[in-house]
Structures are given as structure tokens and as C-alpha cells.
Amino acid sequence: MASERTEPLAPQSALLPAGRDLLRPKGVRRVAMAAAYVALFVLLDWASTIHPFLGYNITPWSPPPGLSIALLCVFGLSYAPLWLAAGIAADVVLRFSTVPLHISFLTNLATAAGYAGIVWILQRRLRFDATLPSVRDFALLAGAALIGAAIVALLVIAVYFLAGALPAPRLSEAWLRYWVGDAIGIALTAPLLLRMRHVARPSVGSAEMIAQGLVLAASLWVMMVVGTKDQIRFFYVLFVPAVWIAVRHGLTGAAVACFVIEVVLMVGAVQREIGADAVLDLQTLMMTLAVTVLFTGVLVDELRKQQAARERLRDEVSHLARLSTGGEIASGLAHELNQPLTALLNYVRVSKAQVERGNAAAQVLDSMLKAEAQGVRAAETVKRLHDFLRYGEFSLSDFNLAEAAGEAVALVRVAKRGTDVAVRVGPELAGCVVNADRVQTTQIFVNIITNALEALVEHNVAAGAIEISAARRGGEVEISVADNGPGVPAEDRGRIFDSFFTTKTEGMGLGLAICRSLAEAQGGRIWYEHGAKGPHRFVFTLKLAGG
Ligand code: ADP
């Protein structure tokens, strides 16, 4: 569950220096990029020219403004004149006979200046982040697509009207078609282009991706074989693959799915010679689908980011808790190290004396080996603490449960030097290889064993004993830590896993809360059992390796 991680979306300002260079192309690169943009603009305009209203650039599907808004958002408003040039170039290439040059200039000026103004408001006034990292940013873009297109449509239609190119009775019809075409063109093209820079490794398996592709293809096929009227009725089928893709791939997947659907629908509309009104109806439905699916995608992204932030916070809190345990361990460590270091020193002195006396090499070697063994013991003690305190990313690996339990017992013993409590680790633990985060599993053990030890000391239990045992249950192992103290009083049992619940004067009340979040992060559970007569114990589960 927690192993499924998403790449954090870098804000525009956090792009690497190489990325910054890409965003400020210079010289030949700048010219090449501008030429590529104009070519793509004309190509998209040509491909999307369906039912041009009176032969003008008023169509129910117009992706070039989406391309150009993405250009201004990423490369800056200084590219607005290039938009004007691209618009005129498209009119010259595609509509030379129907659109006079002065009308082309004025309509494209209205478009480029109008949208540039909207991008300016988005970026300067509303702190819009063009990487679309949040629902807010996407809502701003969607709002700009709907409101911006309505305003620009008004300006463009006014130019046509004032130039005497559009009769008054058809103004509202022309405005509606322009508005729908631009709004949907922006809503589908701009997110796709803006997210292209953040294509993360898919978080779902290839089998699921193939299934998504097949369901999408099948739904589109249904749309292609049914009659024009039924197309509207069957449109809802497309929601299934589109929402599925958005939920699993976030905004990037949603943008790709919507764009593919739109392209196929429009190609179908041209091939089947669907009338202008039917295309407009289809586009209105497409707008509903796009808004629903893209919002779902961006919401999923935001939820994933929140989950990743929560996971980071959990790791940090558990690390802090380890550090606070570590303080206690460190003070015990001085005593713990004293013994092997003194022994090591003695063995080294003995070997030195043996060499000076000219003893046999075998004798000297024996002393040296003993010195080495003590050195290894001291190093292991320090390493154990170091491993425990190190801050590491949550990572699953296969390890032996007995090792983690043994490390935890050794760490608690160092921290609680002088307490006379027998800790027994059941031999069955040695046979259990689990798939979990090793440090965090050790931490669960440390917290529970420390609690048990403190309870035994607090209640002066004679012959205090802690018993760690394990039992396999299917693909899981249930690990139990029992002590022969009085256990948790009945009235506290419902609260012991709550953060900050403690009955100790110096307790923080975080130990068990951390245990619960660590166990759950590894796909396990944790609970407390207190039999009426039988022993009480803390139990947690972990996944067995390969289970
Ligand atoms: P803290 O140890 O700082 O109090 P924990 O979350 O680790 O915080 O424990 C919460 C409470 O649960 C403890 O204060 C104690 O009252 C109770 N508790 C935990 N383990 C035991 C135990 N083995 N025996 C009795 N009480 C326990």
C-alpha cells in the first residue's frame, strides 16, 4: 500500500538549471522553437477545422488557443506577438479566400491580446502555477478556459460584425460556436501540454494499462458504430474508461484520455459528415466529460500528494521518537562499551608483553584474536544504535524476525540498564522471514518492550518476565509481546493507541500511536488483548516474505 509512491510535482521554480535553460531558449533554439510552434498551430488549426462558420475560423473544436496558452504560461507573455503571427499564418494558409487580411489581423489580435491578458491575470494576480499541482490551479485554468473563451469570443465576433462579415441575426449562434470551440480546445489541450513535462512512471501495472486502453477503445468503437442521434445517448459509456484512467493516473492520464476521446470523436464527426448542430451537442457533452474527468484527475493527484506528505510526516515523527529513545540508549552505551573496550585493551597489552617476552606466535595470535572479538562486540553495539537512529526512507525488505527482535531487546537492555527482567524470544521467530521495513519493525519491538519493562518496574513485579512469540496465519505472522505485569487497566484500553495518551509522569504518549502507524504502513495491524484470566499481550502482524 505505502510502497506505491508518486513523484512529487516540482513547482516551476524548482526546475533544475538545465530545465531553466530549456524555458529560456536563446538564439537558434528560440527560432527553431518559434517555427515549430507556428507549424504545430497551423497543423492543429487545419486538423480541427470542422464546420467553419461561414468559412471563418469559428469552429466547435479549436485546440490552437490551448497550445498558445500553454506556450505563454511556460515561456512567458513575450510570446504573445508570435501567437498573433501564427494566427495570421493559419488564416493565410487555410482560409485565404474567405478571410481578408485586415479581418485576420484584427481577430487574431483580439484573440492573442485577450488570452495574454487572461494569462497575465492568472500568473500575476492569482499566483497560478502552470504545472497544475493543485485543484486550485486546475480550477483557475478551467475558469480561464470558460470565462476567457466567452470574453475572447465576444471580442472576435464583434470584430467580424463591425467589419460587416457577420449578419446581426447570426451573432449569438457564431458566438456560441466560437466559445464552445475555444473553451473545449483550451480545456483539453492546455492541461495535456502543461503536464507533459511531468510524466511520472505509471503507478499501475501494464496489465491494467492495457485493460484501460481496451475499454477506452471499445467505448469509442460503440460511439462510432451507433447512429448520430444515439451517439448522444451512448456518450455516457465514455465516462467509464475516462474516470478509471483519471483515478489511476491522475491529471496527466485524464488529460491524455480526454484528448484521445476528443480527437476520435472529431475524426468520426468529419468522416460521418455529422451536421454542425450535432457536433455542437457532442462538444457540450465532451465539455461535461472533460471537466468531470480532469477534476477527478487533479483531485487524485492532490490526495496522493497529501498521502505522501502524511507518510513523510510519519517517518519524521517515528525518527524523532527513535532519537528520543536513542538519548536514553546513548547514556547506557557508555557503560555497555566500557566492558569490551577494557577487555580489548587488556588483550592488546598481554599480546605486547608476549611479543616482548618472545612467546610463541600461536600464543600471541590467541590474545590478538580475543582482542579482535572484543573490538567486534563494541563495534556491533555502536552499529546497532547507529542503524536504529539513522533516518531512512521507508523501505520494504525481507529479514528474519528473530534478528529485529534481538536487536530491539539489546537496545532496550542498554537503555534500561540495571532492570532485572527476563526477556524470552521464542525460537519460532528465527523461522519467520518477513517483508517489512526493518528499522521500523525494530522500533515497534523497542516501544512495546520498553512499555512492558516500565510497567514491570513501576509495579515492582518480582521475577518480571517478557515473552516474545510468533504464530503464522496464512501469509502473515502474528507477533505477540506479553509480560507478567498487571496489564492495562480496563478503563484505559480504548485509549492507549491514541496520540498523547499516557499514564506515566514523564511519558509522551506517542509510543503506541507510532507503533500503530508503523504497523499499518507495512500492511499490518496492532492491538491489545487482555483475557479475563489469561495473560495480556500486545499483538501486531507483518507480512511474511513471499506471503
Ligand atoms: P508512553 O509510554 O509515553 O506513556 P505509549 O503510547 O507507549 O506512551 O503508552 C501509552 C500507555 O499505555 C502507557 O502510558 C501505559 O499506561 C499503557 N501501557 C502500554 N504498555 C503497557 C503494558 N505493557 N502494561 C501496562 N500498561 C501499558
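Whatever order the structure lists ligands and atoms in, that order sets their numbers, starting from 1.
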Parallel, tilted or perpendicular: rings of F497 and F538 (30°, 60°): perpendicular
Under 3.5 Å: donor-acceptor pair, side chain of R195, backbone of L132: yes
Aromatic ring proximity F540/Y528, centre distance under 6.0 Å: no
Donor-acceptor contact below 3.5 Å, side chain R493 vs main chain V488: yes
For F295, all residues meeting ring-ring contact (aromatic ring centres under 6.0 Å, His included), sequence neighbours excluded: F138
Aromatic ring pairing F234/Y236, orientation class (parallel under 30°, perpendicular over 60°, tilted between): parallel
Residue contacts for ligand 1, heavy atom to ligand atom, distance under 4.0 Å: N451, A452, A455, D483, G487, V488, I496, F501, T502, T503, K504, G507, M508, G509, L510, G511, L512, F538
